[in-house]
Amino acid sequence: MRFSVTVGAAGAGRDPRGLAELARVVEGSGWDGLFLEDYLVYQGDVSLPTYDPWICLAAIATATERIRIGTTVTPLPRRHPWQVAAEVVALDHLSGGRMILGVGSGDPGDPFLERRSPRVLAEMLDEGLEIIERLWTGEPVSCGGKHYALDNVRLTARPVQQRVPIWVGGNLLVPAVRRRIRRWGGSCAYKGTTEITPEDVRELRAGGAVEVKVSGGDPAALAEAGADWWGRWIAPGPAEDTLAIVRQGPPRI
């Protein structure tokens, strides 16, 4: 099992410079990954300064050599899928092949999602993921879906990794989330208001998930059930508090 830290790019010490320093401490303390939540206004709290997570990931990539980096998760309907595809490629090169793309449909209450319905957000997520995967091949892409249309376009730069991992977030209790996990192979989903259990992990594995990241719960039991990653989420707060938690290192199992 590998161990990661997840933070929002918001608040004290979580600007690009601060997150680069945090990433160095994460790597030096024995963790295996650092992932960023993707908000423009952190959980709707306008009192917290929030920084673009993609710029922050570039700073993290250049400050580290070993840990995996990425988003958990990006609300894909907020951005053009071809922009996300290109930025993931650039970050994969900058990090030497350490990028992971975590995605979700987003919160319908997010004003930057233009008050789209959950159904529309889900459609945009599914279409966007298909476009991203096709663009990563470097081959010409033409498509005409309900929300995106491309005519013989291509990205000439390709990722370092043969396939950048795609982790699907969202509520595991929603059938469409489980369907996407089967389609894309990775899960960083949550489960309603409760923790994901070892039985949930076994069901994900049986359903075709090739990589499962969980947050909270007993790492040893979850690892035995087949979880690949155990994550520690750290809420915004004083920078020294975050660093103190990270310096404790990952749990031992």
Counting C-beta onward and ignoring hydrogens, is there a side-chain heavy-atom pair between Ser117 and Val120 closer than 4.5 Å? yes
So Phe112 and Val41, side chain to side chain contact (heavy atoms under 4.5 Å, CB included) or not? Walk me through it. CA-CA 9 Å; Phe112 296 101; Val41 177; 4.0 Å; yes
Taking only Lys NZ, Arg NE, NH1 and NH2, and the carboxylate oxygens of Asp or Glu, determine whether Arg134 and Glu130 approach each other closer than 4.0 Å. no
CG of Leu135 to CD of Gln83: how many Å apart, nearest 0.5 Å? 12.5 Å
Criterion side chain to side chain contact (heavy atoms under 4.5 Å, CB included) on Ile131 and Cys143, from CA distance to verdict: CA-CA 8 Å; Ile131 289 170; Cys143 64; 3.9 Å; yes
Polar side-chain atom of Arg232 near backbone of Ser215 as donor-acceptor pair, under 3.5 Å: no
Once rounded to the nearest 0.5 Å, what's the spacing between atom CG of Asp241 and atom CD1 of Ile234? 10.0 Å
Under 4.5 Å between any side-chain heavy atoms of Glu139 and Arg158, yes or no? no
Around Glu224, counting heavy atoms of other residues, nucleotides and ligands shown, do more than 12 lie under 6.0 Å from its CD? no
Test: Asp32 and Arg66 ion pair at under 4.0 Å: yes
If we ignore hydrogens and angles and just use 3.5 Å, is the side chain of Arg154 paired with the main-chain N or O of Gly138 as donor and acceptor? yes
Donor-acceptor under 3.5 Å (Thr62 side chain, Ala59 main chain): yes
Rounded distance [0.5 Å steps], CG in Asp151 versus OG in Ser142: 5.0 Å
Any donor-acceptor pair under 3.5 Å from Asp92 side chain to Val160 backbone: yes
When Thr242 is tested against each of Val5, Leu22, Val25 for side-chain contact (heavy atoms from CB on, under 4.5 Å), which residue passes? Leu22
Looking at Glu65 and Arg98, is there a salt bridge between them, counting it only when a charged N and a carboxylate O are closer than 4.0 Å? no
Inter-residue atom distance Leu172.CG - Thr197.OG1, 0.5 Å rounding: 9.0 Å
Of all heavy-atom pairs linking Ala9 and Cys56, the shortest is CB-SG, 4.0 Å
Nearest heavy-atom contact between Gly106 and Leu121 is O-CD1, 4.0 Å
In terms of hydrophobic clustering (I, L, V, M, F, W, Y; side-chain heavy atoms under 4.5 Å; direct or indirect links), are Val84 and Val89 co-clustered? yes
Quick one: do Leu57 and Val164 end up in the same hydrophobic cluster if we chain Ile, Leu, Val, Met, Phe, Trp and Tyr together by side-chain heavy atoms under 4.5 Å apart? yes
Ignoring hydrogens, what is the shortest heavy-atom contact between Val177 and Gly169? Give both atom names and the distance. CG1-O, 3.7 Å
Test: Arg79 and Glu87 ion pair at under 4.0 Å: yes
For Met99, is there any backbone N or O sitting under 3.5 Å from a side-chain donor or acceptor partner on Gln161? yes
Is the CZ atom of Arg163 crowded by more than 12 outside heavy atoms at less than 6.0 Å? yes
Just by modelled atom types, is the Ile67 backbone N or O under 3.5 Å from a matching donor or acceptor in the Thr64 side chain? no
Same apolar cluster (I L V M F W Y, side chains within < 4.5 Å links), Val88/Trp82: no
I'd like to know if the side chain of Asp228 reaches the main chain of Val212, judged simply by a donor and an acceptor atom lying under 3.5 Å from each other, with no hydrogens or angles considered. yes
Kindly say whether Gly102 contributes a backbone atom to a donor-acceptor pair with the side chain of Thr71 at under 3.5 angstrom? yes
Test applied, side-chain contact (heavy atoms from CB on, under 4.5 Å); reference residue, Leu36; option that passes from Ile69, Val73, Ile60: Ile60
Would one find more than 12 heavy atoms of other residues, nucleotides or ligands at under 6.0 Å from atom CD of Glu199? yes
Here the pair of heavy atoms bringing Pro53 nearest to Asp38 is CG-OD1, 3.3 Å
Check Arg183 with Glu133, please: is the shortest side-chain N to carboxylate O separation under 4.0 Å? yes
Please give me the minimum heavy-atom distance between Leu129 and Leu76, naming the atom from each residue. N-CD2, 3.7 Å
Please evaluate residues Ile181 and Ser187 with respect to the criterion side chain to side chain contact (heavy atoms under 4.5 Å, CB included), reporting the C-alpha separation (whole Å), side-chain torsions for both, the decisive distance (0.1 Å), and the verdict. CA-CA 6 Å; Ile181 291 169; Ser187 172; 3.4 Å; yes
Are any of the side-chain nitrogens in Arg180 or Asp126 under 4.0 Å away from the carboxylate oxygens of its partner? yes
Using every non-hydrogen atom in the two residues, find where Met1 and Trp230 come nearest and quote the distance to one decimal. SD-CB, 3.5 Å
Less than 4.5 Å apart, side chain to side chain, heavy atoms only: is that true for Leu113 and Pro77? yes
Donor-acceptor contact present, side-chain Glu127 to main-chain His147, <3.5 Å: yes
Check whether any side-chain heavy atom of Glu211 lies under 4.5 Å from a side-chain heavy atom of Pro165, and answer yes or no. yes
Does a salt bridge link Asp110 with Arg115, judged by any charged N lying under 4.0 Å from a carboxylate O? no
Does NZ or CZ of Arg68 lie under 6.0 Å from the centre of the six-membered ring of Trp31, at an angle within 45° of the ring axis? no
Same cluster or not: are Leu155 and Leu91 linked, directly or through other Ile, Leu, Val, Met, Phe, Trp or Tyr residues, by side-chain heavy atoms under 4.5 angstrom apart? no
Given the rule that I, L, V, M, F, W and Y join up when any side-chain heavy atoms are under 4.5 Å apart, are Leu243 and Ile245 in one cluster? yes
Side-chain donor-acceptor pair present, Tyr42, Glu37, cut-off under 3.5 Å: yes
Start with the C-alpha gap between Met124 and Ser105, add the side-chain angles, then the distance that decides, and say whether side chain to side chain contact (heavy atoms under 4.5 Å, CB included) holds. CA-CA 8 Å; Met124 295 175 73; Ser105 59; over 6 Å; no
Output, in order, the C-alpha distance, side-chain angles, deciding distance and verdict of ring pair (Phe, Tyr, Trp, His ring centres under 6.0 Å) for Trp233 and Tyr190. CA-CA 12 Å; Trp233 174 71; Tyr190 62 91; over 10 Å; no
What I want to find out is whether Arg24 reaches Glu27 closely enough, with some N-O distance under 4.0 Å, to be called a salt bridge. no
Separation between CG of Leu125 and CZ of Arg78, rounded to the nearest 0.5 Å: 13.0 Å
Do Trp229 and Cys188 have side chains that get closer than 4.5 Å, going by heavy atoms? no
Do Trp167 and Val103 make a side-chain contact, defined as non-hydrogen atoms from C-beta onward lying under 4.5 Å apart? no
Hey, what do you get for OG1 (Thr137) to CD1 (Ile132), rounding to the nearest 0.5 Å? 13.0 Å
State, without any angle test, whether Arg14 and Thr50 hold a side-chain donor-acceptor pair at a distance under 3.5 Å. no
Between Arg119 and Glu123, is there a donor-acceptor pair closer than 3.5 Å when you use the side chain of the first and the backbone of the second? no
